[in-house]
Amino acid sequence: MSIYKLLVGNNYIPRRNYRYSTSQKDNTLISSFFRNAFLRKLIYFLNNKIIKKHRFKNSINNRLFEYQPAPKLEINGSMIDFKKEYLLIDFSRETKKSIVIKPNKSISAKLSLNKKSYFFFSLAILENLELFDVNLLKNDLMLNIDLFNKNGEKLKNFFFQLPMKDKKHGIMRQSKDKNWIEMCADLKNYQGQIVELQISASFTSKNYTLFNRTIDYKQNKLNKKISIPCIAIGNPKLVEEKENTKKILFISGESLTDPFYLKKKYGDLINMPNIEMLEKESLRYEKSYSIGDSTLPTIMSYKSGLFPSQHGFGDYSLPTFEINQSENNQTLPRLLNQEGFVTKSITSYPRFDSLYGWSYDFDSYYQSEYPFFADAPDASRIIRSFEMDRKNDLYLFTHLTRLHGPLLSGDDSQTPNRIKIEDLDHAMKDNFMPLFSHQLGVFDDQIGQIIDYLKRTDQYEDTLIILVGDHGVSLPPKWNFKGNIFAHYEDHARVPLIVKPASWSKINIGIENKPVTAQKEIFDFISKALNLETPQNYSNLPQYEDEFKDLAISETIYHPKKDNYAIMMVSREYKYWMIAKVDWIKYEITSLIDEKIFKINNDGIADEENNLIGEKEIEATLLNFRYKSKKFFNKSSNFRKKYPLQMFPSTINL
């Protein structure tokens with residue numbers, strides 16, 4: 001008997017399957033210990049009651065977190081009710097809401113086919129099958145899908161055989177640990193009927209090849225009894241065919257300073273023909289600022305429309321298991337899912353790990369470990385994801401990385417890439433803008449490929465396209481990660497906000513000159529375009545009050561020290577910034593550390609060479625900004641106290 005069978009048993013369903021942070025890190029013995037229900041509780045108790053060494057304690061808690069069983073999900077309106085619980089399953093790099101079945105067991109659901117419809121689903125063989133008995137992967141999987149009418153008479157049978165790992169197969173090549181298999185069934189011929197859909201799967205030792213296809217399947221089922229739930233049916237959906245679909249493509253550029261702002265400063269050095277072409281057909285905000293100064297807090301703001309001081313994400317020193325998003329936050333993908341949209345996310349970086357809670361609100365959540373890996377997000381993956389859901393209302397969020405330092409990469413995903421030695425020479429002299437411009441051209445080409453696909457496939461007119469940056473680029477010598485107290489300088493705070501309207505949205509084309517907070521503005525205009533109600537618990541937030549509505553506001557929490565808080569406010573005339581010391585237990589500002597105020601020049605850019613602190617003629621303006629900043633923090637803190645983050649140990653499913 002294997003150690004896995006002994007310690008874990010048949011019924012455990014792992015959340016993480018073939019993940020770089022689990023199967024590629026620990027051996028079977030270690031992972032089995034952390035998957036055993038009794039040992040998990042014992043290890044947790046001993047680790048947090050006895051062990052004092054912080055690094056070792058974190059390592060243990062992190063493994064408890066990563067080896068947790070698949071969490072259960074509530075069924076919402078977009079899920080097919082198979083009378084079986086849905087689980088959140090990470091398979092390789094992609095997370096899906098799934099039903100997990102045992103071999104030779106079936107699931108069924110009643111479907112009302114009022115319109116021309118398709119049945120969409122994904123398929124994966126979970127890691128526990130291999131851990132249970134590695135030899136089982138030598139077999140093929142046989143999938144059987146039956147349709148019955150309301151009288152129980154069989155209308156249709158779909159039957160096919162797929163490999164479970166790489167072999168010379170007649171239909172496809174499939175690695176055991178790479179990707180979900182995406183499938184659909186055309187049900188248009190049964191329009192107007194109520195049908196029962198039944199799915200079952202079994203294993204066969206007879207491999208299907210191009211040269212051996214005369215198989216009596218009924219006689220070749222694997223006789224060995226397998227009672228382990230290991231076949232995941234991901235995102236089973238009934239999709240009704242529509243004449244006109246609504247698409248939202250939300251593109252976030254990592255470290256993407258507003259290139260139109262940069263063009264004012266650097267002229268022809270900035271080359272972005274595809275972004276400029278998109279801008280001509282869009283609403284562009286001339287004075288758009290990021291809601292935060294770094295990726296972690298900004299991504300949560302993309303989802304929720306909340307400021308960092310309101311949602312609480314922003315402490316990079318905390319290990320992953322320490323925090324998770326508040327269950328009370330009404331996120332954009334969740335709201336869109338309730339409206340019938342398929343919601344997808346394509347990202348990279350460990351900070352986008354689905355265990356943070358990012359994936360709960362998406363039908364499909366893809367996360368590459370690093371942006372320079374070959375499987376990182378790029379135009380081709382976005383195009384394939386879009387193509388797969390052409391028949392659906394679709395919301396796709398993606399975070400593209402070509403501009404984060406180091407700017408260049410020699411990895412497969414970004415080569416060949418010819419570099420000017422003049423640009424390298426400039427970088428050695430602390431002028432990184434030529435290299436940034438080079439990479440901006442690479443990013444711009446990705447945008448061009450996506451737009452070309454949408455136009456070629458007649459989806460462009462029906463697609464609302466949003467282009468924004470999570471924050472501006474961090475380039476030496478101005479940026480110093482550990483010592484950069486004033487992180488809201490123009491190059492780092494300004495981001496593009498370009499909105500290409502869709503046929504179904506009411507957004508005017510042109511240039512908007514008022515200062516805006518990009519992530520809050522996005523949340524609001526998507527909500528308005530689809531007549532989504534603003535979440536009730538947002539009604540008392542300061543950003544919706546009249547005295548803040550004409551300001552662009554950005555925050556930094558927990559940086560450069562844990563007890564720090566910084567806020568920037570930009571009006572049409574002035575840019576104000578302050579940093580304070582904060583008691584995060586009481587949510588109180590205890591002292592003011594520093595502040596700055598700059599005049600906005602005729603080009604709409606803050607003159608940051610001239611801090612006007614001490615100038616008598618702006619004393620009233622300064623006091624007003626200071627008052628508003630403290631009021632914004634206090635009202636935001638009241639919201640966060642009412643809707644706190646999930647904190648350890650509630651983040652770990654024991």
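Values below: every heavy atom of this structure, side chains too, minus hydrogens, waters and symmetry copies. Positions are given from 1 along the sequence. What you see is a predicted model, and the numbers here were worked out from it, not measured in a lab.
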For residues [X] and [Y], is any side-chain donor paired with an opposing acceptor at under 3.5 Å?
{"X": "N337", "Y": "D361", "value": "no"}
{"X": "N417", "Y": "Q439", "value": "yes"}
{"X": "E254", "Y": "T295", "value": "yes"}
{"X": "N601", "Y": "D607", "value": "no"}
{"X": "D411", "Y": "S413", "value": "no"}
{"X": "D524", "Y": "Y544", "value": "yes"}
{"X": "E94", "Y": "Y365", "value": "no"}
{"X": "E281", "Y": "Y460", "value": "yes"}
{"X": "N329", "Y": "T331", "value": "no"}
{"X": "Y356", "Y": "Q325", "value": "no"}
{"X": "K562", "Y": "S317", "value": "yes"}
{"X": "H492", "Y": "S474", "value": "yes"}
{"X": "Y285", "Y": "E521", "value": "yes"}
{"X": "T457", "Y": "Q459", "value": "yes"}
{"X": "R572", "Y": "N513", "value": "no"}
{"X": "Q310", "Y": "Q543", "value": "yes"}

With the side chain counted from C-beta on, respond yes when [X] and [Y] share a heavy-atom pair under 4.5 Å apart, and no when they do not.
{"X": "I553", "Y": "K520", "result": "no"}
{"X": "S629", "Y": "M569", "result": "yes"}
{"X": "L435", "Y": "I419", "result": "yes"}
{"X": "S637", "Y": "F632", "result": "no"}
{"X": "F443", "Y": "M272", "result": "no"}

Does [X] reach the main-chain N or O of [Y] with its side chain, forming a donor-acceptor pair under 3.5 Å?
{"X": "K581", "Y": "L592", "result": "no"}
{"X": "N611", "Y": "I597", "result": "yes"}
{"X": "S301", "Y": "L306", "result": "yes"}
{"X": "N392", "Y": "L394", "result": "no"}
{"X": "Y261", "Y": "S288", "result": "no"}

Return the [atom1] to [atom2] distance between [X] and [Y], rounded to the nearest 0.5 Å.
{"X": "K242", "Y": "D393", "atom1": "NZ", "atom2": "CG", "value": "3.0 Å"}
{"X": "T556", "Y": "I485", "atom1": "OG1", "atom2": "CD1", "value": "11.5 Å"}
{"X": "F307", "Y": "M300", "atom1": "CZ", "atom2": "CE", "value": "15.5 Å"}
{"X": "T415", "Y": "L408", "atom1": "OG1", "atom2": "CG", "value": "11.5 Å"}
{"X": "L332", "Y": "S304", "atom1": "CG", "atom2": "OG", "value": "9.5 Å"}
{"X": "Y453", "Y": "T463", "atom1": "OH", "atom2": "OG1", "value": "8.5 Å"}

Parallel, tilted or perpendicular, as decided by the 30° and 60° cut-offs, for the rings of [Y] and [X]:
{"X": "H399", "Y": "Y349", "answer": "tilted"}
{"X": "W577", "Y": "F486", "answer": "perpendicular"}
{"X": "Y643", "Y": "F639", "answer": "tilted"}

(request) Assess whether atom NZ of K263 is packed by more than 12 heavy atoms of other residues, nucleotides or ligands within 6.0 Å. (result) yes
(request) For N634, look at atom CG and say whether over 12 heavy atoms of other residues, nucleotides or ligands are found less than 6.0 Å away. (result) yes
(message) Strictly by side-chain hydrogen bond (donor to acceptor under 3.5 Å, both in side chains), give each pair with a member in residues 497-511 just once, sequence neighbours left out.
(response) D462-S503
(message) Quick test of your reading of the model: are K514 and E286 salt-bridged, counting only N-O distances below 4.0 Å?
(response) no
(request) Before accepting this row, confirm whether a basic side-chain N of the pair E512/K287 lies closer than 4.0 Å to the acidic partner's carboxylate O. (result) no
(request) Could you check E461 against K455 for salt bridge (Lys or Arg N to Asp or Glu O under 4.0 Å), going step by step and ending with a plain yes or no? (result) CA-CA 8 Å; E461 294 301 320; K455 288 183 175 180; over 6 Å; no
(request) Test the K599-Y574 pair against the cation-pi criterion, namely NZ or CZ under 6.0 angstrom from the six-membered ring centroid and within 45° of the ring axis. (result) yes
(request) Determine, for Y576 and R626, whether the Lys NZ or Arg CZ falls below 6.0 Å from the six-membered ring centre while staying within 45 degrees of the axis. (result) no
(request) Report the C-alpha separation of D375 and R93 in whole Å, then their side-chain angles, then the decisive distance to 0.1 Å, and conclude whether the salt bridge (Lys or Arg N to Asp or Glu O under 4.0 Å) test is met. (result) CA-CA 9 Å; D375 58 14; R93 296 147 298 186; 2.9 Å; yes
(message) Run the ring-ring contact (aromatic ring centres under 6.0 Å, His included) test against Y587 and tell me which residues pass, sequence neighbours left out.
(response) none
(message) For the aromatic rings, using the six-membered ring if either is Trp, is the centroid distance between F397 and W358 under 6.0 Å?
(response) no
(message) Between E182 and K96, does the salt bridge (Lys or Arg N to Asp or Glu O under 4.0 Å) criterion hold? Intermediate values first, please.
(response) CA-CA 12 Å; E182 307 289 349; K96 293 180 183 284; 3.2 Å; yes
